[in-house]
Amino acid sequence: MASMLANRTFVRRAIGVVLIVAALLAQQLSGFFAQELIAEAAILGIFTLSLDLLATCGLVSFGHAGLLGIGAYMFGGVTVLMGWPPYVAIIGAVLAGIVMSFLVGLLAVRTSGAFFIMVTLAAAEMFYSWGFRSKLFNGADGMGGIPRLDLKPIGLDLDNPEIFALVCIALCVIVWLLLELVVASPFGRTLAAIRQNPSRVAALGGRVFAYRLAAFTASGAIAALAGAFKVQHTNFISPDLVSWFVSGDVLIAVVIGGMGTLVGGPLGAAILVILKEVLSSSFGHWYLFLGAIFAFVALALPRGIVGWLLDMTGRLSQRKAPAVTPVSSVEAEQ
Amino acid sequence: MLLDPYFFAEQILNSLQFSMLLFLLAIGLSVVFGLMDYLNLAHGTIYMFAAYVAFTITQLGGSFWAALALAPFVAAAVGLLLYFLLLKRVERSGHLAQVLLTVGIIYMGTDLMRIAYGDLPKGVAQPEVLNGAVNLFGILYPSYRLFLIGLGLVVMIALYFALERTRLGALVRAGVDDRATAETLGIDIGKVFALVFAIGTYLAGVGGVVAAPIFGVYPGMDVTIIILVLIVVVVGGLGSLKGAILGSLLIGFADTFGKILLPQFAMMMIYLVMALVLTFRPTGLLPARRFSTSG
């Protein structure tokens with residue numbers, strides 16, 4: 001047991017399994033309105049995974065809404081403006097996400113730290129100002145009537161909120177499992193090495209730029225996928241999807257959950273969606289309370305909920321088996 | 001349009017005036033960032049708070065000058081209180097905990113101002129002495145805006161001497177350059193930082209007061225300005241006075257002329273400038289430390 005607790009990967013995945021069970025229980029037991037919240041949380045969860053993949057190589061984006069927006073606008077454009085079926089639009093959205101994040105990444109991943117934060121913000125804001133004026137997409141008024149994917153041939157009616165929520169949970173789980181594989185792969189290990197010490201990786205002959213660009217591009221593909229489902233959920237696109245509040249929300253969800261833990265993102269997403277719903281329906285000035293909770297989390301759990309849990313389990317296992325290397329203290333230096 | 005020399009000159013003055021406002025906020029953020037690697041997004045909240053204090057002072061019958069004399073001190077006091085109560089606790093927790101904490105403070109600050117003053121924008125009258133316009137070689141330019149440009153220049157010069165010629169300035173420069181070595185030499189960077197933080201919030205407070213007559217006082221004015229100020233800091237380079245000056249000028253001009261040349265894509269001009277600068281200089285134009293990218 002102690003050795004299991006010392007294994008961070010095991011603990012992370014166990015938290016993931018608990019989260020999936022909790023999501024499925026919530027989906028089965030709750031009423032009609034909660035289905036919308038569950039779908040929203042699951043889609044935000046996919047979006048957080050995209051951001052956390054990028055964080056694996058030490059880059060934090062403050063413009064991820066731009067990549068979400070690319071997916072959203074592509075999906076809306078292909079379905080509503082061109083009249084093509086939604087499954088083509090999803091493929092198109094992911095491809096657009098890949099192309100756009102590759103192009104932005106060529107410039108952005110040369111920088112790091114706060115500079116990367118600002119470059120990504122800039123890229124997203126440029127897209128926002130385009131979306132705000134775009135005649136094609138009705139500019140600031142936005143465009144409605146976006147259809148959902150047609151899965152009736154396999155017996156799933158996505159216009160039914162319960163089914164849609166389930167599909168979103170499933171998609172979030174699939175992306176999570178995929179990223180668990182990626183993080184454990186040699187590619188993922190190299191990304192982690194780059195996060196810990198980029199100059200050493202470069203000195204060892206690792207191509208830091210190429211790896212970071214690959215991580216950014218993969219992250220863009222997932223963000224665009226989240227965007228394609230976000231607009232299916234609301235049936236509506238507007239430049240608000242690309243505003244920096246959206247980038248801030250996803251970043252905050254990841255920080256609350258625990259950056260660099262993968263499972264922390266969807267956990268933070270669920271907490272954020274529930275918090276906003278509960279606070280906004282109970283208080284007039286609910287941002288006051290939301291802000292206080294953010295501040296509390298930052299002070300009490302600076303490495304997020306999952307980060308805190310990992311520290312706790314690490315300490316528990318050490319008490320029983322002192323020979324185990326304290327992995328958490330090495331990671332804590334990040 | 002731009003061929004009209006009067007119009008052109010007027011826009012240059014407008015750009016300068018906006019640059020000065022950006023500078024008042026950027027210098028505090030930049031030095032705090034450069035010295036402690038602290039990403040304080042709540043810097044704008046201090047700016048907003050000072051503007052509301054100025055509004056309250058003028059409502060109570062005080063003059064603009066009374067507000068300008070008092071509000072920045074109130075802002076600095078609140079800033080220091082925030083620093084010792086909250087901000088200091090995540091000094092070593094990394095940028096992300098700092099972002100979460102300071103975004104929390106932004107949310108709280110905005111809603112507190114909403115509760116106290118309501119959602120509608122408030123106005124602060126500019127001082128009567130500066131109500132008129134000055135004839136500058138044939139251009140009639142509002143005196144108040146000219147006063148802003150002058151104020152910015154004075155602050156720049158004062159800061160230059162403070163940084164280059166005083167003991168505190170030398171300590172700040174040493175800390176920005178190499179914090180570990182400075183501490184080894186017995187300098188208490190924590191104390192220097194608290195002082196720098198106080199000066200930075202004081203200047204943000206000055207910015208809030210002088211901006212109030214031009215842009216009005218409203219909840220959310222903090223977020224509007226902080227994005228621009230962050231861009232200034234990144235473009236200029238962390239921790240350097242010259243960087244903050246150059247960055248403020250670049251962004252101030254890009255914003256003003258962007259609105260004239262490409263009214264539909266005004267913000268785009270600023271982001272374009274930033275993208276260009278960071279493509280060729282990934283750590284900004286004049287960073288205090290050449291080899292630091294904090295990552």
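Letters A, B, ... are given to chains in the order of the sequence lines, protein chains preceding strands, and every chain is numbered from 1.
- Counting heavy atoms of neighbouring residues, nucleotides and ligands inside a 6.0 Å radius, atom CZ of A/Arg133 exceeds 12 of them.
- With chain B as the partner, the residue from A/Trp130, A/Phe62, A/Phe294 showing the most heavy-atom pairs under 4.5 Å is A/Phe294.
- With chain A as partner, the option from B/Leu230, B/Val90, B/Ile115 having the largest number of non-hydrogen pairs under 4.5 angstrom is B/Ile115.
- When ring centroids are compared, B/Tyr218 and B/Tyr117 stay outside the 6.0 Å threshold.
- Salt-bridge formation is not detected for the pair B/Asp177/B/Arg173: no Lys NZ or Arg NE/NH1/NH2 atom is positioned less than 4.0 Å from an Asp or Glu carboxylate oxygen.
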Side chain to side chain donor-acceptor pair (under 3.5 Å) between B/Asp37 and B/His95, intermediate numbers included: CA-CA 8 Å; B/Asp37 200 25; B/His95 286 155; 3.2 Å; yes
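- Proximity to chain B is limited to the side chain of A/Met259, based on heavy atoms less than 4.5 angstrom apart.
- Proximity to chain A (any heavy atom under 4.5 Å) is shown, for B/Val233, by neither the backbone nor the side chain.
- Annotation: residues 282-290 of chain A contacts chain B through A/His285, A/Trp286, A/Tyr287, A/Leu288, A/Leu290 [non-hydrogen atoms, separation under 4.5 Å].
- The aromatic rings of A/Tyr128 and A/Phe132 sit tilted, their planes meeting at an angle between 30° and 60°.
- Interface remark: A/Val119 contributes backbone and side-chain atoms alike to the contact with chain B (heavy atom separation under 4.5 Å).
- The shortest heavy-atom contact between B/Arg179 and B/Ile189 is NE-CG2, 3.5 Å.
- Comment: A/Asp249 engages A/Lys276 in a salt bridge, judged by a side-chain N to carboxylate O separation of less than 4.0 angstrom.
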Kindly determine whether B/Ile270 and B/Leu228 satisfy side chain to side chain contact (heavy atoms under 4.5 Å, CB included), including the steps that lead there. CA-CA 9 Å; B/Ile270 294 167; B/Leu228 285 176; 3.6 Å; yes
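- A ring-centre distance under 6.0 Å is not found for B/Tyr38 and B/Phe33.
- Only the side chain of A/Leu251 has a heavy atom closer than 4.5 Å to any heavy atom of chain B.
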